[in-house]
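Please read the structure below before turning to the comments.
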Amino acid sequence: FSPVGKMFRAVVRLSTSGVRSLARIRPCYSAPLASRCYSHAKVETDEEFDARWVTYFSKPDIDAWELKKGMNTLIGYDLVPEAKILDSALRACRRLNDLASAIRILEAVKDKSGPHKDIYPYLIQELQPTLIELGISTPEDLGMDKL
Amino acid sequence: MFYSATLILVQSASSITCFLRLFTCTSLVSLGLNSHPPPPCLYPSPSLTRLSWSTLRTTMLHLTTGRVGCLLSKQAVVALTSSGARMSSHGHHEVSDSVDMSQPMYWDRLDTPLPDRPWKDVLDSTDKSLKQKEKGPWTALSKEEKIALYRLKFNHTYPEMKRPSHEWKTVIGGMFIFFGITGLVVFWQGHYVYPPQPHTFGEEWQAKQIQRMLDMRINPIEGFSAQWDYKNKQWK
């Protein structure tokens, strides 16, 4: 998921719909639909983002601090991580012998989905092979999703 | 009159919330039970002092009982049972237990799933043996063991972090109490403080004033006199 990339695409769509009056208000507007005052930095695609994070958690000798830092940063983003990133993170927990953090990650991801209640069940479904393989119980299995 | 009353009520409403929090803050501080200082996730203001963070959290936890008496006893129970708190040395006799901020801290935050240190870092022998078992395959762990491992590392689960509190009832109730007190003050003020009304407010004077305004044809096109039917001597 790349929110910046989506933003860029959304704005391009707005301009191609021909909203001329909006264009006049922009102070740096020169030629019609030719130059835009956006940064020329390369926008990371969703796949690159995911791959970067999978690589981060796949480090064989990852330490506890790196896991914590990675997870906290990832949860800080305005997105719900893909199943493959979570899979990599859960395996990192396994290498660190940390079941509690693995369960915590699942809880955090459910909370991150917010009102979109269908994201979490989808992710659990995608992660089912990993969860079974590593023996991670979901918070629902342990009855920890209720007060 | 209305304006000043609303001003007083709005001011009292804002002051009551601060007052209530300060009140519980000082009462809890005086008990020396500031065990969990880090910022609670549901109060994201960074300007809150350390004392306020802990007391807000403990206030949230304990105002569920709804009574001040139960509040004090429950407070003590929580403080005694949690071994995860990083208290300073026992030689302290200050009002508040200062937390060593140079050490990694624990906190329950929705946006920070993995805090700097585990909840319980003083492990007894059963905990240590469980931790040893954690190094093996997790499929060998029972549900209770998995829950125990989670509780060793974390204090509250996410649903527990997000649980609603009954604090709003205290706040709204306190607000209304202050509204009432303010109302009494305003009423007393109106009776004892205000000077007598000017004589121009009297019924007779007002009637004569209106008649004079009509005679002068005040705002005859769109305003005052325009509303008066001069022919039938009544309002339109």
Side-chain angles (χ1 to χ4, degrees), chain A residues 57 62-81 85-86 89-115 120 129-147, chain B residues 38-42 44 60-61 64 84 103-121 123 127-166:
Chain A
F57 286 118
I62 194 170
D63 65 24
W65 185 92
E66 284 173 350
L67 172 69
K68 272 186 279 179
K69 176 66 181 170
M71 259 340 285
N72 292 339
T73 310
L74 192 60
I75 295 296
Y77 292 150
D78 183 20
L79 50 86
V80 180
I85 305 177
L86 297 174
L90 293 174
R91 289 183 188 282
C93 289
R94 174 65 267 192
R95 290 197 293 283
L96 290 163
N97 300 320
D98 193 352
L99 173 66
S101 293
I103 301 171
R104 189 75 153 184
I105 288 170
L106 295 176
E107 281 191 308
V109 150
K110 182 178 183 183
D111 179 61
K112 240 0 236 190
S113 322
Y120 179 69
T130 310
L131 295 178
I132 292 169
E133 181 198 328
L134 299 177
I136 301 171
S137 302
T138 64
E140 290 71 32
D141 288 340
L142 300 172
M144 287 186 345
D145 59 327
K146 306 278 178 287
L147 272 172
Chain B
C41 54
L42 301 169
M60 269 181 65
L61 184 63
T64 52
Q103 298 297 315
M105 298 204 304
Y106 177 86
W107 55 73
D108 279 317
R109 276 186 73 116
L110 293 176
D111 59 3
T112 315
L114 304 176
D116 288 347
R117 70 165 178 88
W119 172 238
K120 210 176 163 209
D121 45 5
L123 301 174
D127 299 331
K128 287 198 180 117
S129 60
L130 190 58
K131 280 288 193 189
Q132 273 301 112
K133 203 173 172 194
E134 198 185 10
K135 293 183 183 168
W138 292 339
T139 41
L141 294 167
S142 71
K143 277 194 184 169
E144 290 74 22
E145 286 175 327
K146 289 181 182 174
I147 295 173
L149 280 168
Y150 184 93
R151 291 293 179 185
L152 277 180
K153 200 140 208 264
F154 302 109
N155 181 15
H156 287 311
T157 65
Y158 267 64
E160 285 168 8
M161 271 192 249
K162 294 166 84 163
R163 73 191 180 280
S165 83
H166 297 274

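Quick caveat: nothing in here was measured; it's all calculated off a predicted structure. Throughout, a chain's letter reflects where its sequence line sits, starting with A, and its residues are numbered from 1.
Tyr150(B) pairs by the ring-ring contact (aromatic ring centres under 6.0 Å, His included) definition with Phe154(B), not counting sequence neighbours.
For the pair Lys68(A) (side chain) and Asp116(B) (backbone), a donor-acceptor distance under 3.5 Å is present. Here the side chain of Arg94(A) pairs no donor or acceptor atom with the backbone of Arg91(A) at under 3.5 angstrom.
If you tally non-hydrogen atom pairs under 4.5 Å between each of Leu67(A), Ile136(A), Asn97(A) and chain B, the highest count goes to Asn97(A). Comparing Lys143(B), Glu144(B), Glu134(B) by how many heavy-atom pairs each has under 4.5 Å with chain A, the most go to Glu134(B).
Proximity to chain A (any heavy atom under 4.5 Å) is restricted, for Leu141(B), to the side chain, taken from C-beta onward.
The two residues Leu114(B) and Asn72(A) have their closest heavy-atom pair at O-ND2, 2.9 Å.
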